[in-house]
Structure formats: structure tokens, C-alpha cells
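In this chain, residues are counted from 1 in sequence order.
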Amino acid sequence: MEIVIVGGVAGGATAAARIRRLDENAKITIFERTGYISYANCGLPYYIGGEITDKKELTLQTAESFKKRFNINVFVNHEVLKVHKENNSVMVKNLETGEIFEKFYDKLLLSPGAKAVIPNILGVDSKFIFTLRTVEDTFRIYDYIKEKNVKTATIIGGGFIGLEMLENLVQQKIKVTMIQKDDHVLSPIDYDMASFLHTEIKKNGANLILNGNVVEFLKSDNGIITVLDSNYKIESQIAILCIGVMPETTLAKEAGLELGIKESIVVNENMQTSQKNIYAVGDAVEIKHIITGNKAVISLAGPANKQGRIAGDNICGIKSKYKGSLGTSVLKLFSLTVGMVGLNERQLKTMNVDYSKVILSPSNHATYYPGASTMTMKVLFEKSTEKLLGAQIVGEDGVDKRIDVIATAMFNNMKASELKDLDLAYAPPYSSAKDPVNMAGFIIENLVTGKVKQFYIEDIENLLNDKGATLIDARTKQEYNRGSIQGFKNIPLDDLRNNLDSLDKNKRIYVMCQSGLRSYIATRILMQNGFDAYNFAGGYRYYSLVKCCKEQIGESYACGLEKNSDKR
């Protein structure tokens, strides 16, 4: 069997290795347009930042090592120009010599990946503007920074690559300004959780512009001027476009294969395209989102690797199925880690889903063991069914394993309250006897059984003007004096029972504490004494950070940048 694979990296290289393990006699050929067949795509920013110091560490396999270990013919710097599905062949160009030749196949696998989005903006073709997608892109940026002694940089786009680039450029002592078109960075999470990232960016000396729309790039004496629609200008020696990627499906489109959303390649659960002997995997394909059941394009290495394995199985006659993706992701940003899975609130509101949420601030491990830190968790679930819909976690240590546990629960259709039943490992350096995931389950169970009612950060402004509400801060006097919300009366939890007579049972009572635990205990005391009581989700720590972030960074312009249309 003659198998041709277009594109390497996660999907194509994985499929090739899987096919060889299943069929020693198959003739396998990979054509890769770049000079690298298998590389650590997600590690590219860390080479620029100096975390990875050896170029060889970025390349997982070479054409030579692939041939030696798997007996697979790999041709780098070879671009497939056409797919002739009628006669089962591809037209290939050797980019080094210019030679064009034809290669026949029995089975074809497309793994073309995605390409960086380049906006149609005046001046975007400047030599001072870069994108980061391939190893070659990485070396170009790295070499330019060293050769030109770059001290200032502008990053357009606050997604995964943008944030990783920001961190790594800052590590190189480069002054960075990030421009994000949305009202917060990292669109898979919600504004409140992104506030922790905004604060971390500011703390590390970078500038952040939110709601910033780039309309033009101008040449300057020292590099590039990025112009916003407000005529605000940022001058830097280098600009890096990180505004997203789109499926690279030119070959598939010209071959007449069925395309789906964002012109991605339509495949079935066996990773088979509309042409039976052509398969496709990776960032270029349309897959099923496990939560919604809808079609989606999810550009992540994990799904691409799984799809490559499944395509390899099916090419060799093993009926494997790809079940879809939850979009589980994790990101490091300086001292923080942010993990996310499933849907966020913005998506759920757009879909008109009747959902509920819990927000909690547990410690990553036992507080009596040195080094404990606080993480903030948000878990979203459907009210009527308790179906887990999504989760977001921000903290220092232990975020990754908690998001993976919740992703596993979601994949296996566990109810939200069943998180409390998970039997998770505990030792003081690693967790608490009540793991943060268990704690989320306890809170959800209390909600769905009516043991507690909640109010949220978006409710506070209205409550401050609600004459039918009594607002209580259940923290200690010392905590309250260090910072509080005007309108919330301080009644420490331990004094609450002695103050019940001073409260009006005809008014709803809204209680806040530092993390949500003491206020929960307070609401239980109040409810059992005939009061209509509500607990604040997230606690004052969460509220103050989100509120302070919005006040300091503002709706449009970041700290460190003066709002002045003539500013350069």
C-alpha cells in the first residue's frame, strides 16, 4: 500500500509512525513544506525567551531519524501543489531545486495545519512585522532581536501565542505593549478570570491595551508605528502578529473536497474526507465539540495527535473513531497558570443556555504545609441537568491537574455535583483532604439542593441601590478595615449569632467574606433562622482583583500609556 502524507508536525508525523507500527510493509512518504518534519510547535516562544537554549531541542525528529527508525521517506522543503484525486496522485515541488514531479498514492493523508491570520491593513507587509508559526519563523524573530538589539516590541493579539510571546520577550528585558481587540485577553475564558492575567501583565512591566483596533502600520526611524482606530500610536522596533490562525485548506479546496466552517476540511469520525481514500487531521479539519455537539475548529496539539493516530488506524483497516474535543488548554504566564475546558459564559449566553456557576478560591495544597497558594476556580453547569459545561482556573501551582480532572469528568458525562465524589490523591505537599475539585462539587450540591443561594459580581452594583437588601461583610474587623465595599456592613462571622436581632427579616441578606467559605457558613446560620440569605460567589479577594483591574487598566487604555491621540 502506497501512503502519501502531506505535512508533518503533530498530525502527519503521528499518523506516519502509527501506520508503520501497524503495517511494516506499507510504503509511506511524507512531504513537508518547511525544513522540519516534527517539531515542538508549542515550545517556539520559549526559544525566543531563552527558556529553551538549544535549537535541536525544538526538533523532535529529523527526516534522517524518521527514516532510520520508522523506514519512512521524508522530504522536507517539498510543497504539494495539487491533489489529483481522479488519478490518485499529488503534484510536488522541491523548493530547493524547483523540480516538479508527480507521486501516486493508494491512501492520502492531509495534515496541512493552519496559517497565521494576516489582516488586510496598510503597511502590514513591513519587514519589521513578524508572525510565529514555524521553526523558521522562530529563528527569524530570534535572530532579528539579537542582531538589532531590540528593546521595544508590540504584540497584536492576546491569545495563547501572544501571551506566551509577551512573557518571553519580557524575560529578554524587552518593553512590550500588547494590543487586544476584545475587552480581555485569552478569549476562551471570561473577563473576570482574565483580570488575573491583566494584573500579572501589568505587574511584570508590560503595557496592555484592550478594545484596541489596529488600522495601520507606519514606518519610523527605529522600526514600526502601530496605529489604532483612535489615532493612538505605539512605536516599537518590532511588531508581532498573533491575532489567530485559520485552516490551511487550499489543497483540499482545489481538489474539490467538502469544506465546512472557516473553510475547514469536513471529515467523519474516522478522519475520512468526502473522498474515501483521502484522510485529514489537525488544525485544518472540522471536528465535533463534545459539549455542544456542534462542528468546531480547535487548533491544539493534543487533538491533532489523537486524530493522527486514529487516521493511521483507519488507513490500516482498524475502525477507530475520534469522539471530539473539549478544547482543554493550559497556559503559563509568568507566575500564573490558567487552565480552561469547555464553554465560557459568553458562549453560553449566546446559546441561551440556562446555566449556573460556582466561583471558589481554594488553596493548591494544605495551608499548613509551606508554600500554599490560592487558585480561583469557575465551574459552569446546566441548571436542569447538572451537565458540566465548562471550567476556568487561574493560580500558581496545581491548576493543570485540576483542569484535567474536570475535563475527564466532562468527557465521561459526570454530573456537576458528582465532582464531590471523586476519590483524589491527598498529601499535604500536593492537595488537601478536600481537593479543590471536590470543593467545587460540594458547593454545586449545596446550590442544586437549595442549601445555599448565590449572588455574583455582576449583581453588586444593583444591590448597592436596593433598599430591600441588607449587605453584610463577614470578615474580621481587621480584614474589613484593609479594604471593603462601601454599603457592606461588617458583622464578623463569629459575632453573627449575637447580631441576628438587629437584622430585618423582611429584607434579603447578601453576605460576603474573603473567599466565600465564611459567608457560606453565615448564610446557613441566617437561613436556619428565617432569613432569605445569599452567599457571594468568589469572595472579596476575587471581587477586589476584578474591580481593581478594571479601574486601573480601564476600558481601553493600559497603565503606562497616556490616552492622547498625538502620543508616540
Side-chain angles (χ1 to χ4, degrees), residues 41-42 44-46 48-49 113-126 128-134 137-138 140-141 144-145 150 152-170 174-191 193-195 197-198 200-202 204 206-217 223-230 232-248 262 283 297-300 327 329 331-334 338 340 344 346 553 555-558 561:
N41 196 296
C42 298
L44 300 182
Y46 298 99
I48 294 171
K115 57 186 176 182
V117 174
I118 308 295
N120 185 21
I121 296 175
L122 188 65
V124 76
D125 57 349
S126 167
F128 302 107
I129 299 176
F130 296 79
T131 60
L132 179 61
R133 189 66 187 166
T134 67
D137 293 337
T138 305
R140 276 193 291 270
I141 295 172
Y144 186 85
I145 288 172
V150 169
T152 56
T154 302
I155 296 174
I156 297 93
F160 288 93
I161 295 297
L163 291 170
E164 288 172 348
M165 279 302 304
L166 181 145
E167 176 184 0
N168 281 282
L169 292 177
V170 168
I174 295 173
K175 186 67 176 179
V176 180
T177 296
M178 171 172 279
I179 303 169
Q180 171 70 342
K181 195 172 184 178
D182 204 351
D183 67 349
H184 68 279
V185 300
L186 204 59
S187 61
I189 66 176
D190 294 310
Y191 180 91
M193 301 299 282
S195 296
L197 307 187
H198 298 167
E200 187 74 1
I201 289 169
K202 179 195 166 203
N204 283 276
N207 294 318
L208 174 63
I209 297 178
L210 302 172
N211 298 310
N213 185 33
V214 178
V215 294
E216 186 179 5
F217 293 103
I224 194 82
I225 297 172
T226 304
V227 184
L228 303 186
D229 56 2
S230 61
Y232 194 93
K233 300 177 178 69
I234 303 100
E235 184 172 358
S236 60
Q237 293 168 270
I238 186 175
I240 303 176
L241 294 176
C242 302
I243 60 178
V245 296
M246 58 187 298
E248 173 58 275
K262 299 181 181 179
D283 295 352
V297 176
I298 296 178
S299 300
L300 293 170
S329 310
L331 170 77
K332 175 184 176 295
L333 183 65
F334 300 108
V338 53
M340 65 221 78
N344 59 38
R346 181 185 297 185
I553 291 184
E555 294 293 339
S556 299
Y557 289 85
L561 293 178

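Asn344 places a side-chain N or O within 3.5 Å of a backbone atom of Pro188 that can act as its donor or acceptor partner. A distance-only check finds a donor-acceptor pair linking the side chain of Arg133 to the backbone of Ala114 [under 3.5 Å]. The closest donor-acceptor contact from the side chain of Lys115 to the backbone of Val117 lies at 3.5 Å or more, if one exists at all. Gln180 places no side-chain N or O within 3.5 Å of a backbone atom of Leu210 that could act as its donor or acceptor partner.
When all heavy atoms of Pro247 and Val297 are compared, the closest pair comes out as CG-CG1, 4.1 Å. Minimum heavy-atom separation, Ser329 to Phe160: CB-CZ, 3.6 Å. When all heavy atoms are compared, the tightest approach of Thr152 to Ser236 is OG1-CA, 3.4 Å. Residues Val245 and Ala116 share a closest heavy-atom pair of CG1-CA, 4.2 Å. Nearest heavy-atom pair, Ala239 versus Ile224, reported as atom, atom and distance to 0.1 Å: CB-CG2, 3.9 Å. Minimum heavy-atom separation, Ala206 to Val170: CB-CG2, 4.3 Å.
In this structure, the side chains of Thr226 and Ile179 come closer than 4.5 Å at one or more pairs of heavy atoms. With contacts defined as side-chain heavy-atom distances shorter than 4.5 Å, the pair Pro119/Val214 does not qualify. Using a 4.5 Å heavy-atom cutoff, the side chains of Leu186 and Leu333 are not in contact. Contact annotation: the side chain of Tyr46 never approaches that of Thr138 to less than 4.5 Å [non-hydrogen atoms, C-beta and beyond]. When side chains are defined from C-beta on, Leu169 counts as touching Ile145, because their heavy atoms get closer than 4.5 Å. A heavy-atom distance below 4.5 Å is found between the side chains of Leu241 and Val124. Between Asp182 and Arg346, the closest side-chain pair of non-hydrogen atoms falls below 4.5 Å. Proximity of Asp283 to Glu248: side-chain heavy atoms (C-beta onward) are nowhere separated by under 4.5 Å.
Atom CG of Asn168 is separated from atom CD1 of Ile174 by 10.0 Å, given to the nearest 0.5 angstrom. Put simply, CG on Leu163 and CD1 on Ile201 are 5.5 Å apart, with the number rounded to the nearest 0.5 Å. Separation of atoms CD1 (Ile129) and CD1 (Ile121) is listed at 8.5 Å; rounding is to 0.5 Å. Summarising the geometry, atom CE belonging to Met340 is positioned 6.0 Å from atom CG belonging to Leu331; distances are rounded to the nearest 0.5 Å. Separating the CD1 atom in Ile209 from the OG atom in Ser230 is a distance of 8.0 Å, to the nearest 0.5 Å. In this structure, Ile161 CD1 and Leu132 CG are separated by 5.5 Å, a value rounded to the nearest 0.5 Å.
Partner of Glu235 under the side-chain contact (heavy atoms from CB on, under 4.5 Å) criterion, out of Thr177, Ile225, Thr154: Ile225 alone.
No more than 12 heavy-atom neighbours from other residues, nucleotides or ligands sit within 6.0 angstrom of NZ on Lys262.
Note on ring orientation: taking the six-membered ring where Trp is involved, the planes of Tyr144 and Phe130 are tilted (angle from 30° to 60°). The aromatic rings of His184 and His198 lie tilted to each other, with the angle between the two planes from 30° to 60°.
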